[in-house]
Protein chains: 2
Amino acid sequence: MPNPLVYYFGGGQADGGREDKALLGGKGANLAEMTRIGIPVPPGFTITTEVCNLFLRDGAYPRGLEDAVHAALRRLEADTGKTFGGDDPLLLSVRSGAVVSMPGMMDTILNLGLNDATAEALARQSGNPRFAYDSYRRFVQMYGDVVLGVDAKAFEARLAAKKRARGAALDTELDADDLRELVAEFKALVRERTGRPFPDEPETQLWGAIRAVFRSWNTQRAIDYRKVNGIPDNLGTAVNVMAMVYGNMGEDSGTGVAFTRDPSTGEKRLFGEFLVNAQGEDVVAGIRTPLSIEQMAERFPDAYADLLRTQELLERHYRDMQDLEFTVERGRLYLLQTRTGKRTAQAAVRIATEMVDEGLIHEDEAVLRVDPRQLDQLLHPRLDPTAKPTLLARGLPASPGAATGRVVLTPEAAVDWAGRGEAVVLVRSETSPDDFHGMVAAQAIVTCRGGMTSHAAVVARGMGKPCVVGAHDLACDEGAGVLEAGDGVVHEGDWITVDGTSGQVFLGQVPTVAPELSEHFRRLMAWADAARTLGVRANADTPADAAKAREFGAEGIGLCRTEHMFFEGDRITPMREMILASSAEARAAALARLLPMQREDFLGILRAMDGLPVTIRLLDPPLHEFLPRTDAEIAAFARATGIDEEAVRRAVERHREANPMLGHRGCRLGISHPEITEMQVRALFEAAVAAEAEGVRVRPEVMVPLVADVRELTRQKEVIRRVAEEVFRAAGRRIDYLVGTMIELPRAALTAGEIAAEADFFSFGTNDLTQTTLGLSRDDAGSFLPMYIETGIFPDDPFQVLDRPGVGRLIEVGTREGRAARPGLKVGICGEHGGEPRSVAFFHEVGLDYVSCSPFRVPVARLAAAHAALKARKIDEAAAQNEVRRRAGAAAEAPAAVSGD
Amino acid sequence: MPNPLVYYFGGGQADGGREDKALLGGKGANLAEMTRIGIPVPPGFTITTEVCNLFLRDGAYPRGLEDAVHAALRRLEADTGKTFGGDDPLLLSVRSGAVVSMPGMMDTILNLGLNDATAEALARQSGNPRFAYDSYRRFVQMYGDVVLGVDAKAFEARLAAKKRARGAALDTELDADDLRELVAEFKALVRERTGRPFPDEPETQLWGAIRAVFRSWNTQRAIDYRKVNGIPDNLGTAVNVMAMVYGNMGEDSGTGVAFTRDPSTGEKRLFGEFLVNAQGEDVVAGIRTPLSIEQMAERFPDAYADLLRTQELLERHYRDMQDLEFTVERGRLYLLQTRTGKRTAQAAVRIATEMVDEGLIHEDEAVLRVDPRQLDQLLHPRLDPTAKPTLLARGLPASPGAATGRVVLTPEAAVDWAGRGEAVVLVRSETSPDDFHGMVAAQAIVTCRGGMTSHAAVVARGMGKPCVVGAHDLACDEGAGVLEAGDGVVHEGDWITVDGTSGQVFLGQVPTVAPELSEHFRRLMAWADAARTLGVRANADTPADAAKAREFGAEGIGLCRTEHMFFEGDRITPMREMILASSAEARAAALARLLPMQREDFLGILRAMDGLPVTIRLLDPPLHEFLPRTDAEIAAFARATGIDEEAVRRAVERHREANPMLGHRGCRLGISHPEITEMQVRALFEAAVAAEAEGVRVRPEVMVPLVADVRELTRQKEVIRRVAEEVFRAAGRRIDYLVGTMIELPRAALTAGEIAAEADFFSFGTNDLTQTTLGLSRDDAGSFLPMYIETGIFPDDPFQVLDRPGVGRLIEVGTREGRAARPGLKVGICGEHGGEPRSVAFFHEVGLDYVSCSPFRVPVARLAAAHAALKARKIDEAAAQNEVRRRAGAAAEAPAAVSGD
């Protein structure tokens with residue numbers, strides 16, 4: 001019967017197991033689990049997350065905690081044969097452990113229990129005074145920083161001074177006496193800074209550490225991380241107290257981290273790093289350059305063989321790639337942690353498909369193993385191989401993909417510039433959790449120091465951002481705002497390009513090309529397609545985009561923005577003439593010149609989408625967007641067309657709008673200028689007829705934008721039907737087509753029942769619907785929206801992640817009432833949310849027929865749709881099972897109606 | 001048993017009565033009713049509105065109609081002793097008659113049944129050939145115009161030519177021969193224009209006229225009128241066929257119109273005009289100047305005495321002021337029509353209150369007798385009595401009130417200029433139904449010809465617009481775009497001022513002053529207040545506005561826009577300094593200068609509203625609205641403040657927004673600049689504390705604008721509560737206050753349940769809610785919204801009349817869910833719809849606590865709220881009665897459970 005506050009593990013037995021993650025945190029649950037399955041783990045105990053929540057609520061420990069901790073300590077002493085604070089001193093590590101892994105975000109204390117007496121005892125006991133005082137130095141430093149709040153840099157400065165004084169390059173060159181002196185200096189520093197002596201009593205140290213772990217749950221960086229990752233704030237963290245094993249006992253000891261498969265490529269091979277004569281934090285912090293796992297195999301063959309066996313066992317047990325922390329103490333391997341390993345999208349895809357081949361997991365499980373949010377890493381452009389860029393620096397390829405941005409040297413600058421719409425690359429000496437918000441804002445990250453498992457590398461991979469670490473040729477001078485690179489300097493604001501796949505950094509903006517997709521990817525996406533029920537289309541305005549969309553698996557075009565065609569080349573001139581025409585004849589003449597161009601565009605798109613539906617949206621933006629703006633443009637246009645310059649200027653002035661977003665646009669244009677609708681629809685149907693004559697199967701869908709009232713749709717439909725009939729009559733050939741509308745104004749969603757009576761389909765335009773529902777202009781929100789997200793007023797950027805309570809409710813109402821009025825109404829969405837996984841999940845839940853997103857996001861949407869369907873199925877299965885159990889229970893209680901077993 | 005298609009009236013009996021308005025139209029039902037109660041009405045019959053609807057649906061008359069009409073004709077011949085097409089010829093008038101009176105919109109044929117033979121017979125029979133041929137001329141002219149579609153001007157031209165040839169000034173100077181010739185010329189004209197001879201057969205004439213009446217239901221002007229007046233299109237019109245009586249039988253005959261009370265002032269006296277030796281259309285058309293009713297009393301004493309008795313009887317019978325049409329044939333009075341008389345608001349109020357005093361109607365009925373839409377006529381400014389304006393012309397005071405605008409000479413120009421936001425006065429020689437849209441667009445109407453019952457006068461009174469008719473000194477030259485006035489000219493676009501109360505027209509913009517309200521008005525409003533349940537507040541930003549609001553009966557301030565205070569005088573300078581401040585200190589200094597000014601404003605308003613609630617809205621508009629715009633403004637501001645001009649320019653540029661309506665405004669400002677909220681709230685609470693110290697009872701309500709998410713309100717509330725506590729502590733005095741929010745974004749309405757948890761009250765901001773729900777910028781809608789309303793896409797301007805299906809639904813959802821989350825939540829509205837009667841009715845239905853509107857609209861809102869409550873009560877009563885009947889019916893059908901009667 002486990003104690004309700006403290007769970008013990010050790011000696012092959014454990015109170016808990018991996019099923020207890022909510023109570024023990026991921027780390028604690030896995031420590032218990034590893035203990036149970038016979039993996040060498042130092043014994044210890046876990047204080048539950050419930051204790052954390054009670055402590056944070058009440059500001060005091062719950063009753064019974066002290067006794068339970070004391071009991072666990074006594075058991076730990078018995079299991080290790082050492083005594084906490086005694087002559088053969090039991091030292092402890094104290095580590096946080098939340099339910100969800102939060103790398104680097106929480107604090108750790110090692111070697112707890114040391115004081116002058118136990119250090120001396122440890123030196124005696126181990127026969128290694130240097131080890132004892134190295135441990136003591138580390139403990140005072142960590143404890144002083146994390147628990148007592150003394151600036152870490154102050155300790156580092158004393159350590160650096162000591163090394164200088166001793167002429168030592170590395171920590172390991174300091175001897176026991178140096179370290180003993182350092183401990184005294186550190187303690188003096190603590191007294192000076194805090195006004196109190198460093199606590200010597202081991203138990204005082206322990207409770208201080210426990211309290212610090214609990215409090216670290218609510219540090220700003222932890223809160224930020226949870227916000228970015230959508231982790232609830234009320235989970236709490238457990239505290240793991242474990243007997244120390246020592247990687248710093250000398251050259252036969254060390255500490256390392258490893259992944260059971262390559263987290264970058266997914267290849268099935270042990271991948272990791274090992275730091276000799278060191279303790280855990282040294283590796284992650286990237287302070288010294290570690291051995292590769294292959295080098296470890298040479299120098300520690302027995303421990304390596306144990307590691308290989310252990311990792312094999314763990315992967316089979318957990319059925320997923322593991323991220324391990326281990327220590328070798330005098331040649332003997334101990335596992336300190338196992339958890340699901342973070343990986344790049346490429347690795348995730350490969351691991352998932354290979355695990356299906358290895359019989360470890362089912363195909364649906366493989367689909368769920370790849371996070372759709374991560375997927376577009378794979379779909380990002382890579383550097384154009386024909387480009388000959390100027391190399392700026394070389395480092396480690398920490399996270400694949402290529403990105404371009406302006407150099408920023410501080411996280412604050414990154415947020416600032418990104419807030420102004422600039423793409424930025426964050427360049428830092430090394431990153432810490434304090435840099436997190438800057439990394440979120442950046443397109444790519446570069447560090448001058450650190451290795452493949454350094455903070456920057458781990459976080460960048462998790463975020464799917466290109467990252468190069470350990471680019472030693474670079475030096476950041478934040479004060480001067482420059483990046484020194486050999487002889488030259490790069491200024492903050494200069495463009496650089498990062499290739500996270502090769503580990504190179506280039507000067508300037510280097511062109512990129514689209515990635516080719518692996519066979520693993522294709523297989524996984526086929527399983528995803530089999531699992532999903534939601535259709536996925538693409539937004540595409542050109543034949544090239546349409547072809548790309550099809551390649552990425554789009555099942556049609558959900559949004560073809562016809563206005564984009566008018567901006568191309570010299571088409572803008574007849575477009576402008578059309579807008580400024582003073583007579584019906586002049587307007588007709590200009591439209592007649594636009595017609596064949598638009599027809600060609602449509603023909604190309606229809607050919608590319610042979611057999612698939614293509615949704616053509618009628619002209620949407622206000623006409624002034626097409627007009628010349630500057631004096632020079634006005635003069636040039638007047639010259640080119642022979643229209644009086646002053647008349648052009650007046651016309652431009654007349655078309656100006658105070659709030660163009662809410663102005664004379666969308667179907668309002670087609671209603672006030674039916675001749676524009678006529679031209680566009682004629683171009684479409686003539687193209688459709690021509691395409692069919694070539695043998696292309698066409699499925700055009702005409703979409704009327706910005707409808708607020710069903711009568712707008714009715715009026716435009718009259719024009720569309722009339723022109724279609726004219727074209728069909730002239731061609732002697734009929735085409736099936738649909739006429740539908742965008743639902744992008746709240747009123748359209750609120751009157752969907754009426755509108756559905758006239759619409760073959762709905763497509764929610766969530767970009768504009770978000771703008772109107774929230775009264776939020778995307779163009780202007782930059783001055784306050786980042787602050788809103790930063791301070792938690794909005795959980796997410798509503799232009800990225802669909803706002804469920806507001807916009808989502810309108811979609812739900814519109815869909816329900818639209819379908820009630822017209823059963824079988826086809827309903828999709830074509831805003832940018834169509835490629836955002838959480839939003840896609842919502843669209844699945846609401847029962848839409850399809851989403852439409854940019855071609856590059858199509859695979860993301862396909863995978864997200866599969867996730868949504870599989871998760872819903874799981875929930876359905878769970879509900880069904882509950883129902884079975886309920887009935888079984890009811891049957892057991894009721895008199896048996898049927899005999900037999 | 002009445003015939004289902006045709007209803008007869010005559011000889012003191014009638015098939016129908018006033019209860020049959022839906023079937024017989026207003027005119028037909030009242031002709032039947034008058035016949036029943038013994039009033040002298042020529043006999044006739046009414047073809048029902050149902051026949052009209054069937055005819056318009058099928059394009060053919062329903063079966064049985066011909067027989068029914070023949071039967072009615074035979075009965076008419078019997079009752080009159082004349083024969084249709086016979087020797088003693090029965091002549092007919094054929095007039096339309098819709099359910100709702102539509103003056104001038106439908107067409108009339110008089111003297112139907114005349115041809116060469118019957119005209120000669122009539123001449124013989126009457127012994128008055130001139131009368132016979134005058135009637136014949138009129139008939140051919142009307143029939144040619146209305147039924148056969150020959151341009152009325154062509155007939156007028158021939159008539160004028162004939163008068164010239166005979167040296168005649170008036171029609172009456174033409175003799176029988178002249179008129180006979182004219183008939184022949186008119187018939188030749190018809191044959192020339194239509195290619196067919198004029199129909200001589202009386203029955204052919206009759207069926208042609210019936211068809212023309214039915215078709216006139218769907219003329220554009222009829223459709224427009226129904227749209228403006230909210231009359232359904234499917235009511236149809238009846239056709240009234242009546243035996244002719246002749247006002248053109250000589251100097252002992254005539255025709256007139258009269259109101260039973262003065263339609264302009266409401267005074268209880270017969271009011272009307274009489275035209276000797278004329279037929280009905282001559283009066284309304286304003287072609288000749290008629291006798292006043294007093295002159296008629298002198299010249300036709302017997303007929304006048306009959307008229308007095310009749311009008312008395314009719315008013316008692318109908319219990320409302322009547323508008324009569326009558327003819328005197330050789331000294332004998334016939335009533336041709338009675339209907340409820342249109343009246344000015346002033347007259348409506350006086351008539352309603354005096355009828356209560358006379359015991360004719362109940363107080364609630366009196367309240368319902370005054371149309372709230374009309375009421376603000378009373379509340380409009382009148383000319384400043386101290387002004388010394390330059391008189392341009394004098395005419396008849398056709399519709400009271402004063403207005404200023406630019407001269408326009410055509411209805412098209414009126415619509416055009418008004419569409420550009422210009423106030424216009426429409427000046428016409430005379431108006432016709434074709435001018436209706438121009439009259440809608442104009443602030444006031446002036447005609448050069450016509451009398452108090454001319455088209456212009458009747459329509460202008462109905463619309464509550466100032467109108468002067470018969471301003472003979474003016475002459476319109478549409479071609480030249482000038483108005484000739486004596487020696488001078490006024491150009492289209494020049495400003496004039498119309499005083500419809502005195503009948504004067506002035507040059508330029510004459511200042512106006514607020515009206516004083518009559519005792520009748522006060523009594524009626526007291527009855528209205530007793531009847532209504534909806535509270536009425538005012539939007540007021542200054543102590544003067546607040547006082548005005550209170551005078552008009554406002555029960556508090558529902559919206560005090562604090563930003564208006566910042567535009568006053570030189571306050572804009574510290575406001576700008578605050579916005580442009582580069583440091584927290586500079587900003588604090590500027591705010592400190594604004595604080596005392598704002599405190600004074602609040603103090604004045606709180607004093608004015610002693611004892612009543614005052615809702616203060618925090619700063620709402622985007623900051624750039626306060627910044628200088630032009631180069632000159634920028635330079636002046638830079639000079640005044642010593643800030644670098646270039647820096648000002650850059651700041652102005654930085655604050656520019658693409659869509660300010662959806663930008664950084666409302667509570668977004670208060671959240672990004674909490675110091676602004678602090679200053680405003682401090683000013684308010686300091687003012688409140690000071691006011692209470694003076695003995696003023698204050699009830700401040702702080703309103704947070706543009707909330708999209710409850711967390712915005714929470715954040716602002718923290719600031720408000722903190723500052724309030726600081727002020728209260730410093731003052732040693734507490735004030736009760738509320739904190740609420742505007743619901744003006746769709747998302748706020750959709751998440752009202754969440755927001756209500758933090759809000760003491762909601763106030764729907766329907767202006768912005770309309771803009772966002774419809775995606776419609778009020779500033780930009782001018783380029784298409786008039787067309788949308790014109791063509792029926794929108795039934796009304798949604799910024800004037802609340803859009804129920806969209807915005808209304810959000811209000812309903814927000815109110816319901818807000819109150820569900822917080823029972824007793826106070827809910828109001830403070831958009832411009834708060835003073836629009838149909839919208840107020842909706843707010844009553846939804847169960848809001850109050851509306852808030854501009855001070856001048858407060859009485860309109862009070863009356864509209866009373867109407868809504870009384871109508872709902874009537875509906876409730878009706879439902880209760882139906883329920884009683886249903887139960888009674890059920891009891892009758894069911895076996896009797898209880899014996900007895």
Side-chain angles (χ1 to χ4, degrees), chain A residues 622 654-666 668-669 671-672 706 708-712 714-715 744-751 753-754 768-785 787-788 791-795 798 803 805-810 813, chain B residues 622 654-666 668-669 671-672 706 708-712 714-715 744-751 753-754 768-785 787-788 791-795 798 803 805-810 813:
Chain A
R654 202 172 52 239
H655 278 86
R656 197 185 299 283
E657 291 189 309
N659 292 289
M661 167 66 209
L662 310 175
H664 194 162
R665 50 170 289 237
R668 296 161 189 176
L669 282 175
I671 289 168
S672 62
L706 210 76
D709 188 284
V710 62
R711 280 166 284 211
E712 297 175 307
T714 312
R715 302 280 165 102
E744 50 187 336
L745 296 175
R747 193 181 192 279
L750 293 165
T751 61
E754 290 176 22
D768 280 1
L769 193 57
T770 298
Q771 296 198 80
T772 48
T773 303
L774 275 71
L776 196 62
S777 160
R778 212 156 37 147
D779 295 330
D780 304 311
S783 61
F784 59 95
L785 188 56
M787 177 269 288
Y788 264 44
T791 63
I793 292 176
F794 288 166
D803 163 51
V807 181
R809 183 168 176 189
L810 287 176
V813 165
Chain B
R654 201 172 54 240
H655 278 86
R656 197 186 300 281
E657 292 188 308
N659 291 289
M661 167 66 211
L662 309 176
H664 193 161
R665 51 170 289 235
R668 296 161 189 174
L669 283 175
I671 289 168
S672 62
L706 210 77
D709 187 283
V710 64
R711 280 166 285 212
E712 296 175 307
T714 312
R715 301 280 165 102
E744 50 188 334
L745 297 175
R747 192 181 193 277
L750 293 165
T751 62
E754 291 176 21
D768 280 2
L769 193 57
T770 298
Q771 294 198 80
T772 48
T773 303
L774 277 69
L776 196 61
S777 160
R778 212 155 38 146
D779 295 331
D780 304 311
S783 61
F784 59 94
L785 188 56
M787 176 269 288
Y788 264 44
T791 63
I793 292 176
F794 287 167
D803 163 52
V807 180
R809 183 168 176 187
L810 287 176
V813 165

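First the proteins, then the strands, lettered A, B, ... as listed; each starts at 1. Being a predicted model, the structure only gives us computed values, none of them experimental.
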Top contributor to chain A interface from [options] [non-hydrogen pairs under 4.5 Å]:
options	result
B/Thr773, B/Leu745, B/Leu785	B/Thr773
B/Leu774, B/Val710, B/Asp709	B/Leu774
B/Thr791, B/Leu669, B/Leu810	B/Thr791
B/Ser672, B/Pro805, B/Pro622	B/Pro805
B/Glu754, B/Arg665, B/Gln771, B/Arg715	B/Arg715
B/Ala748, B/Gly792, B/Ala749	B/Gly792

Residue [X] versus chain A: region with a heavy atom under 4.5 Å:
X	answer
B/Asp803	side chain
B/Thr714	neither
B/Val813	side chain
B/Ala781	neither

Checking heavy atoms, do the side chain of [X], its backbone, both or neither come under 4.5 Å from chain B?
X	result
A/Met787	side chain
A/Arg809	side chain
A/Ile671	both

Taking [options] one by one, which has the highest count of heavy-atom pairs under 4.5 Å against chain B?
options	result
A/His664, A/Glu657, A/Arg654	A/His664
A/Asp768, A/Ile793, A/Thr772	A/Ile793
A/Gly806, A/Ser777, A/Gly663, A/Gly666	A/Ser777

How long is the gap from CG on A/Leu776 to CE on B/Met661, to the nearest 0.5 Å? 11.5 Å
From A/Tyr788 OH over to B/Arg668 CZ, what is the distance, rounded to the nearest 0.5 angstrom?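 Going from OH on A/Tyr788 over to CZ on B/Arg668, the span is 6.0 Å.
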If you compare all heavy atoms of B/Pro746 against all heavy atoms of A/Pro746, which two are closest, and at what distance to 0.1 Å? CG-CG, 3.6 Å
Step by step, work out the side chain to side chain contact (heavy atoms under 4.5 Å, CB included) result for B/Asn659 and A/Asp780. CA-CA 7 Å; B/Asn659 291 289; A/Asp780 304 311; 3.7 Å; yes
